[in-house]
Number of protein chains: 2
Amino acid sequence: MNSTSSTRDRILGTAEKMFAQRGFDGASLRQLTAAAGVNLAAVNYHFGSKEKLVEEVFRRRLDALNANRLAALHKLAGGEATLEQVLAAYIRPALELSHDGKGALFMRVLARAFAEHDDNLRRFLSENYGHVMRQFTAEFARLLPHLGKAELYWRIDLVTGALTHAMSGFGMIQRKGDVSEQEHLEQTVQHLIRFAAAGLSHP
Amino acid sequence: MNSTSSTRDRILGTAEKMFAQRGFDGASLRQLTAAAGVNLAAVNYHFGSKEKLVEEVFRRRLDALNANRLAALHKLAGGEATLEQVLAAYIRPALELSHDGKGALFMRVLARAFAEHDDNLRRFLSENYGHVMRQFTAEFARLLPHLGKAELYWRIDLVTGALTHAMSGFGMIQRKGDVSEQEHLEQTVQHLIRFAAAGLSHP
DNA sequence: CGTATGCTCAAACGATCGTTTGAATCGCGT
DNA sequence: ACGCGATTCAAACGATCGTTTGAGCATACG
């Protein structure tokens, strides 16, 4: 077995792009393998099925994304972090991912998956990355003690919707020529954090 | 030609349900017509094509929804309405639509369409209902003069994402047995309005 | 050298898709 | 009662889908 099959990676990269553009059903394996320059049967050989390929596209990005989120969260002083800091730990890794060309496509894939309400995919996400969301929710609960449990979950859901919506469009937003990429990213992070903080903590 | 063909309406109603459940590509005309109890060819006879059927599903709901939104907006005292009132004019009709059983499905269809970034559908929505969004944006600009144009658009986009996300899940949220439907709706409207107002108007 | 083993390839499989067709049936004005 | 347009119907069309197959090629190991 090859340790890093070029065919496997080309399929994954092309799949990410085409899933973002045409959706999971809309992107056929024939279009996908043709665009990747590999044989049609290579997908089933390397991944087993189209659905397993979808899961692998998610796993590759989300493993890194959620590891970064947890690392940022744990780096904060336990029990003393501010709401803005916790939000930054949640938002910045996602925005950094959506900032480079290929990661931006993945955020659109993610937004699509949210909207599709696909039960298999939701179970996959919950099983593999639910613990991350749980840790952040616990932090939010500590920082917003005046909110009831239902109210807190509700606001987090609203913030999640806003962020998903925003990041699925990020990267397509025209950036002014007089600010650097890093500056643009930082400004966007600050906007998102302030928006989320305002929505979460209002009385 | 029949003025209100039962076949036409059954197709539209079933299409809304199945598009919400399985997406536009995922719901086939064979499943759809079988569930509606009509012949397969009836879709192409009454609507011309599957894509025209999709547009008609949108048109039927959005005509009423946006008319209600504009009526609520114009009923406000011109130039003196508060941010919360304008938000209510925007949010309440959508939530009322998503409150009855069939409208709730439509909101999921709408959320799906947002995530799919389909160019044809976006053009259709922009051409037919763009003027509504423009009027609300003008009101927001009047009420939030301290925000730059770019900043305002950005926050409206975030609010739109949050609302779409929330309303696509609304109706699935379990309602406590001790509050009436009307009460539940009103509480939800108030939550959404306060969340949106906080996100829009924060410094 | 011979032969496993990992991988690629063209071709085909059955299933399902949206659409079209032409005949059968319905419903109403004259 | 008759005729005609509107509607429904079963059947078929070509296209495309995900998956499987078996032969061919490569590389490494005994």
Side-chain angles (χ1 to χ4, degrees), chain A residues 1-60 109 112-113 116 118-121 123-124, chain B residues 1-60 109 112-113 116 118-121 123-124:
Chain A
M1 159 167 41
N2 217 339
S3 62
T4 57
S5 163
S6 167
T7 297
R8 239 188 85 102
D9 291 341
R10 287 233 297 285
I11 291 175
L12 277 174
T14 309
E16 191 170 64
K17 186 193 311 178
M18 302 201 60
F19 287 156
Q21 290 170 345
R22 317 183 202 230
F24 304 114
D25 288 352
S28 75
L29 293 187
R30 282 175 173 80
Q31 298 171 335
L32 202 161
T33 52
V38 304
N39 187 270
L40 168 61
V43 169
N44 283 278
Y45 177 80
H46 285 281
F47 299 94
S49 68
K50 186 180 183 178
E51 191 179 327
K52 298 273 196 178
L53 169 62
V54 172
E55 288 188 3
E56 201 56 33
V57 167
F58 277 85
R59 193 187 308 274
R60 186 175 63 148
V109 175
R112 229 179 236 273
E116 296 210 2
D118 183 290
D119 284 340
N120 291 328
L121 206 47
R123 182 163 8 93
F124 170 80
Chain B
M1 159 166 40
N2 217 339
S3 62
T4 58
S5 163
S6 168
T7 297
R8 240 187 85 101
D9 291 341
R10 286 234 296 287
I11 291 175
L12 277 174
T14 309
E16 190 170 65
K17 186 193 311 179
M18 302 201 59
F19 286 158
Q21 291 171 343
R22 318 183 202 230
F24 304 114
D25 288 352
S28 75
L29 292 187
R30 281 174 175 81
Q31 299 171 336
L32 201 161
T33 52
V38 303
N39 187 271
L40 168 62
V43 169
N44 283 278
Y45 176 78
H46 284 282
F47 299 94
S49 68
K50 186 180 184 180
E51 191 180 328
K52 298 273 195 180
L53 169 61
V54 172
E55 288 188 4
E56 201 55 34
V57 168
F58 277 85
R59 192 186 309 275
R60 186 174 63 147
V109 175
R112 230 179 235 273
E116 297 210 2
D118 184 290
D119 283 341
N120 290 329
L121 207 46
R123 182 163 8 93
F124 170 81

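Chain letters run A, B, ... following the sequence lines, proteins first, then strands; residues in each count from 1.
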Not counting sequence neighbours, which residues clear side-chain contact (heavy atoms from CB on, under 4.5 Å) with A:Leu40? List them please.
->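 Result, side-chain contact (heavy atoms from CB on, under 4.5 Å) vs A:Leu40: A:Leu29, A:Arg30, A:Thr33.
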B:Thr14 versus B:Arg10, side-chain donor and acceptor atoms under 3.5 Å |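 The criterion, which ignores hydrogens and geometry beyond distance, is not satisfied for B:Thr14 and B:Arg10.
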Is a salt bridge present between B:Lys52 and B:Glu55, judged by a nitrogen-to-oxygen distance below 4.0 Å?
->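 Salt bridge absent between B:Lys52 and B:Glu55.
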A:Asn39 CG to A:Tyr45 OH distance, which is reported to the nearest 0.5 Å |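 So the CG of A:Asn39 and the OH of A:Tyr45 are separated by 12.5 Å.
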Gap separating the CD atom of A:Glu56 from the CZ atom of A:Arg8, nearest 0.5 angstrom =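 Answer rounded to 0.5 Å: 5.0 Å.
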Summary of protein contacts for nucleotides 11-24 of chain D, nucleotide by nucleotide, where a base hit scores B, a sugar-phosphate-only hit scores S (4.0 Å, heavy atoms) | -B----BBBBB---
Look at B:His46 and D:dT8 and indicate whether a side-chain polar atom (N or O) is within less than 4.0 Å of OP1 or OP2.
->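 For D:dT8, OP1 or OP2 has a side-chain N or O of B:His46 closer than 4.0 Å.
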